[in-house]
There are 2 protein chains.
Amino acid sequence: MKIEEEIKQEKFRSEHHKLMINLLFTSSWLQRMQMSVMRPYDLTPPQYNILRILRGSKGEMVNLGEITSRMIDRSSNTSRLIDKLVIKKWVSRKTCPNDRRQSEIYITQEGLKILEQLDKPIDSITEQFHFLSVKDTKEVNQFLDQLRNQNLNQII
Amino acid sequence: MKIEEEIKQEKFRSEHHKLMINLLFTSSWLQRMQMSVMRPYDLTPPQYNILRILRGSKGEMVNLGEITSRMIDRSSNTSRLIDKLVIKKWVSRKTCPNDRRQSEIYITQEGLKILEQLDKPIDSITEQFHFLSVKDTKEVNQFLDQLRNQNLNQII
DNA sequence: CAACATTAATTGTATGTACATATATTTGCC
DNA sequence: GGCAAATATATGTACATACAATTAATGTTG
């Protein structure tokens, strides 16, 4: 369904306004897809995001601030998310000996196993994007990057 | 900043995967922009969404299910959102006399006033999209619509 | 018309975000 | 060394979503 039909709105103030709504709507739809895949594994998208960041760090310790700065959702409350992952024993938290303010986090073997199980289902979501050519995909990526940088010129 | 820099990840599994992350990241960024505009008016994006739907209905009564089906975020808990708007006296709720299960909702004069005040700041967010030509905007809209419809072929 | 299914909305509980504040530790400067 | 500023994380509270269960009213069907 086109966005007009999805939210039952025939007219928009402009094509650009429609795009803004469409972005928000589609993102919300994507998140629901992810959730439906993760739910059986007792995992949520932000928790999954943290596990992916830790796996990407190849077993290295990563401090909490570093994780936050790499999250898809910048306003995630990483501290409390880590709490939940620690309870499930998928990550472990240690105070950094060099700087006791920091806590260093790493993914456990169990955490890695959960991630492995999720790789395929998550990939199948990404496959939904494959109808778009690589060239066009790059263009949309570029558009999104540019959009976020418009900000610098207008607000500041 | 490019998405690679934003989340400090140089490599992605594919250009398509990068686009998925970019969509989610940019949408989250957009929502924070909206929030910063709405906050001084004691309004949140989903509450604003409801007010816009009601204004679009030109003073007509709209029942709760109808509002939910038009929301940008489909999983909004409209019932509780309306509660908050009623407390602020920006909308009013009545039981539908023909079908007492339904509740009919309409926007008040005060609600309309708040919306008017927000029109300009919200428009200024939309203006960030203006660097993109109308032709390209249409193409991205089409891409998003297509993306959501891939679903029908793959999952079902 | 009475029993059962369906529908519309509300409510309960867990999870997560938004923003401000608090706590603990380290750093910089005199 | 001692004290203020800066930094890293944690916590309090309000708001919102996710999913299930409940309540109340209406439809349906034997």
Side-chain angles (χ1 to χ4, degrees), chain A residues 24-25 27-51 61-88 90-91 93-105, chain B residues 24-25 27-51 61-88 90-91 93-105:
Chain A
L24 295 166
F25 183 86
S27 170
S28 160
W29 169 87
L30 253 177
Q31 280 180 280
R32 278 197 306 281
M33 294 252 301
Q34 291 188 324
M35 264 183 297
S36 73
V37 162
M38 294 174 191
R39 173 152 260 278
Y41 300 88
D42 190 24
L43 207 59
T44 61
Q47 288 177 19
Y48 176 76
N49 194 192
I50 290 176
L51 292 184
M61 301 280 210
V62 183
N63 71 47
L64 195 142
E66 179 70 14
I67 295 177
T68 305
S69 75
R70 292 193 191 168
M71 297 280 290
I72 294 172
D73 190 333
R74 276 296 161 72
S75 31
S76 293
N77 193 325
T78 313
S79 189
R80 284 189 271 234
L81 289 168
I82 299 280
D83 286 348
K84 305 241 165 91
L85 290 169
V86 167
I87 289 170
K88 288 187 270 201
W90 294 337
V91 311
R93 171 162 39 192
K94 261 197 226 176
T95 301
C96 170
N98 298 339
D99 183 343
R100 299 219 314 274
R101 287 168 305 180
Q102 293 184 36
S103 68
E104 291 187 325
I105 294 129
Chain B
L24 294 166
F25 183 87
S27 169
S28 160
W29 169 86
L30 251 179
Q31 279 179 280
R32 277 197 306 281
M33 293 252 300
Q34 292 188 325
M35 264 183 297
S36 73
V37 162
M38 294 173 193
R39 172 154 260 279
Y41 300 89
D42 190 24
L43 207 58
T44 61
Q47 288 177 19
Y48 176 75
N49 194 190
I50 290 176
L51 291 185
M61 301 279 209
V62 183
N63 71 45
L64 195 142
E66 180 70 13
I67 295 177
T68 305
S69 74
R70 291 194 192 166
M71 298 278 292
I72 293 172
D73 190 334
R74 275 296 160 72
S75 31
S76 293
N77 193 325
T78 313
S79 189
R80 283 190 271 233
L81 289 168
I82 299 280
D83 287 347
K84 306 242 165 91
L85 290 169
V86 167
I87 288 168
K88 288 186 270 200
W90 295 338
V91 311
R93 172 162 39 192
K94 262 197 223 174
T95 302
C96 171
N98 298 339
D99 182 345
R100 299 220 313 275
R101 288 169 305 180
Q102 293 185 36
S103 69
E104 291 186 325
I105 294 127

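Letters A, B, ... mirror the listed sequences (proteins, then strands); counts begin at 1. Values below: all heavy atoms of this structure, side chains included; hydrogens, waters and symmetry mates excluded.
A 4.5 Å side-chain heavy-atom check between B:Leu81 and B:Ser76 finds at least one atom pair inside the cut-off. Looking at B:Asp73 and A:Arg32, their side chains come closer than 4.5 Å, going by heavy atoms from C-beta outward.
Contact annotation for B:Arg74: no contact, since no heavy-atom pair falls under 4.0 Å across all strands. Among the heavy atoms of the strands lying under 4.0 Å from B:Arg39 are primed sugar atoms or P, OP1, OP2 only; no base atom is included. Using a 4.0 Å heavy-atom distance criterion, A:Thr78 is classed as making no nucleic acid contact.
We find the CZ-CD1 distance between A:Arg70 and A:Ile50 to be 12.5 Å, quoted to the nearest 0.5 Å. Atom CG of B:Leu43 is separated from atom CG of B:Asn49 by 10.5 Å, given to the nearest 0.5 angstrom.
Distances were taken from every side-chain heavy atom of B:Ser79 (C-beta onward) to each of D:dC15, D:dA10, C:dT10; the shortest belongs to C:dT10.
Taking 3.5 Å as the limit, the base of C:dG12 and the side chain of B:Arg80 contain a donor-acceptor pair of atoms between them. Interface remark: the A:Arg100 side chain does not form any donor-acceptor pair with the C:dT25 base, using a distance-only criterion of under 3.5 Å. At a cut-off of 3.5 angstrom, counting only N and O atoms as typed in the model, there is a donor on one side and an acceptor on the other between the side-chain of A:Arg101 and the base of D:dT7.
Between A:Thr44 and C:dT15 there is no side-chain N or O to OP1 or OP2 distance below 4.0 Å. A sub-4.0 Å separation between OP1 or OP2 of C:dG16 and a side-chain N or O of A:Gln47 is present.
Atom CD in B:Glu104 sits about 12 Å away from atom C1' in C:dA8, given to the nearest Å. Per the geometry, CD belonging to B:Gln31 stands 13 Å off C1' belonging to C:dG16, to the nearest Å. As a whole-Å value, the separation of B:Ile82 CD1 from D:dC15 P is 16 Å. As a whole-Å value, the separation of A:Asp42 CG from D:dC19 P is 13 Å. At whole-Å resolution of the value, CD1 in B:Ile67 and P in C:dA8 are 14 Å apart. B:Leu81 places its CG atom 15 Å from the C1' atom of C:dT17, with the value rounded to the nearest Å. When the C1' atom of D:dA14 is taken as reference, atom CG of B:Leu43 falls 15 Å away, rounded to whole Å. Whole-Å rounding puts the A:Met38 CE to D:dC19 C1' distance at 17 Å.
Both B:Asp99 and A:Gly65 lie near DNA chain D, and the one whose nearest nucleotide falls closer to the 5' end is A:Gly65. Each of A:Leu64 and A:Ser36 has a nearest nucleotide on DNA chain D; the 5'-most of these lies closest to A:Leu64.
Within a 6.0 Å radius of NZ in B:Lys88, other residues, nucleotides and ligands contribute more than 12 heavy atoms.
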